[in-house]
Amino acid sequence: MCGIVGYVGRREAAPLLVQGLRRLEYRGYDSFGIATRDKDLLVLKHKGKISDTVFVSNPLPGGLGIGHTRWATHGVPNDVNAHPHVDCTHNIAVVHNGVIENYSELRKQLTARGHHFSSQTDTEVIPHLIEENYEGDLLEAVRRTVAVLHGSYALLAIAQDDDRVIAAREKSPLVLGIGDGEMLAASDMTPLLEHTERVVFLEDGDIASLSADHYEILRAGIPVTRPVEIVDWGVEDVKKGAFEHYMLKEIYEQPQVFYETVRTATDESIVPLFKKVPGVTVVACGTSYHAGLVFKYLLEGMCSIPVRVELASEFKYFTPPIRDLVVAVTQSGETADTLAALRKAKAHNCMTLAVTNVQGSTVTRIADQTIFTRAGPEIGVAATKSFTAQLAVFMQVANLLCDRELDEVLSRGHLAISEVFLMDLGKAVTLCKDAGLIFFVGRGPFYPVALEGALKMKEISYIPAEGYAAGELKHGPFALLTPETPVVAICTPGNTYDVMISNIKEMKARGAPMVGIGEEGDSELEEIVDVFVPLPRSPLAIRILTTSVVFQLLSYYTAKALEREIDKPRNLAKSVTVE
Ligand code: AGP
């Protein structure tokens, strides 16, 4: 969702801000803008995608500035609603990520006191409030301002007659980059990697003042110290390299990601956590929710530990009466619904564990314990390597809980993923690309894999796609089966093989073109489907990985054939930081 970046230091701010905004593009946005301080406060903002021409024709001077990519919540995407927003005197500029819940009341009060508003945004109340509170000290003015804000915010403010960038955080991420003669602030680490590896993660309620050589963090007006951490990602990790899309690069990184995550997620101290509780509840959204569903099959099947998997957005409002270990799964560590569900679980005195990909993210501060996935930065909006890394964590957890019975299998996972890259999915893509609707079906752990396949397909190709447990299709969806409705079915050895073969025949009999993902040499399956995708013979855990990767590639190449904007699908944000 919105991204913010700020800079103060020895260099020209504008090019750094623009470069920073480009790094934040992956979060999703519909407009952008920057403000710098020179002789005057200069603001440039536009609807649409960041374009160099805008900045080349209007180079904003100044060594201090703030920038923003906006994902509209209050007010349509247009030039006026784009950030930064300024006060009546054009002395103060603000960028903001989050939602000010009491903005309409504040706006009425400010209007009654003579302030003039130009935009429809909730954010615009902030510069006007700062204007009222400003008596020559921007830090103090921001402190007084945030005291009346309700809701979530990561905000940066600058003033024409102040040498500092002021940053404030409440329920929305904000990280400082500590440079040499320069300081930065941003919504996440990606814009900072080019400039420094030293970062400070702000906590809710923190206000920071940044000048070129110094930073200070206050909480309730009192200076506090936050640890300076060294980022374990490098700048190369956020570059696309020779790949056409980040998504493809990230798919190809999966062997390494799986290997690294399995290798590092070996802390046996988590075993007692799982053994002390009556059961496990996973809370998550989207792809992370699907990984949680796979975890359920692993933990229940291998370790006889009962697992429930809840959509975080539901759990928060309809919290079940549990005494479980609550596991929050979130790539970004910032998904608002997942954080809210986790807070709810804590309020119910549940023990909590986070599985996340991002160092310093909010989820790591809320959960009692964290296991990190080692996916590196994921820039494509469609989750790929982060899903595989979550599976790696869950497989390793199940392995640790079951006397390492998966050790040998896990040591081969990365090789099995690499083999998928050699497969030819051309015929399957041809069958899918003109479809009006595609079903993905599987049973057992392949049911969540099918859900994830459908999610991937719909989000990047825009073809409606549904994931189903194969047995459910005849309870309604059969009505939709036609020769224009391909079904992609996972049918590999195991106790549901025979019933899957029957299901495939039933679907075929209703005219649906069938893509069968099965084990190589399976002539029975090959004969009944239209397109057969053979997987090397392998144990169940490996097949969960390989079928997932097949679906990622199928979605990718289908979206590519349709010339979709693969890395930034319409209307989506990488990290959903509002409920
Ligand atoms: C899927 O490709 C999406 N990016 C989306 O469903 C994502 O998994 C969901 O928004 C949860 O994100 P998180 O893992 O960062 O919490």
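When a ligand or atom number is given, it counts from 1 through the structure's own listing order. Given the structure is predicted, the values throughout are model-derived calculations rather than measurements. All values below were derived from every heavy atom in this structure, side-chain atoms included, with hydrogens, water molecules and symmetry-related copies excluded.
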Item to check | Those residues that, when tested against F258, pass ring-ring contact (aromatic ring centres under 6.0 Å, His included) (two or more places apart) | outcome: none

Check residues 417-430 and write down every donor-acceptor pair under 3.5 Å in which the side-chain atom is one partner and the other belongs to a residue at least two apart or another chain.
from : atom 1 : to   : atom 2 : distance (Å)
S418 : OG     : H414 : O      : 3.0
D424 : OD1    : G426 : N      : 2.9
T430 : OG1    : G426 : O      : 2.9

Item to check | Crowding at NZ, K47 (>12 non-hydrogen neighbours, <6.0 Å) | outcome: no

Next on the checklist: Would you say OH of Y259 has more than 12 non-hydrogen atoms from neighbouring residues, nucleotides or ligands within 6.0 angstrom?
Outcome noted: no

Item to check | Modelled atom types, side-chain donor and acceptor of T121 and N81, under 3.5 Å | outcome: no

Item to check | Pairing residues for F201 by the ring-ring contact (aromatic ring centres under 6.0 Å, His included) criterion, not counting sequence neighbours | outcome: none

Checklist entry - Who are the residue neighbours of ligand 1 when the rule is a heavy atom under 4.0 Å from any of its atoms? => result C285, G286, T287, S288, T330, Q331, S332, T335, V381, A382, A383, L455, K456, E459

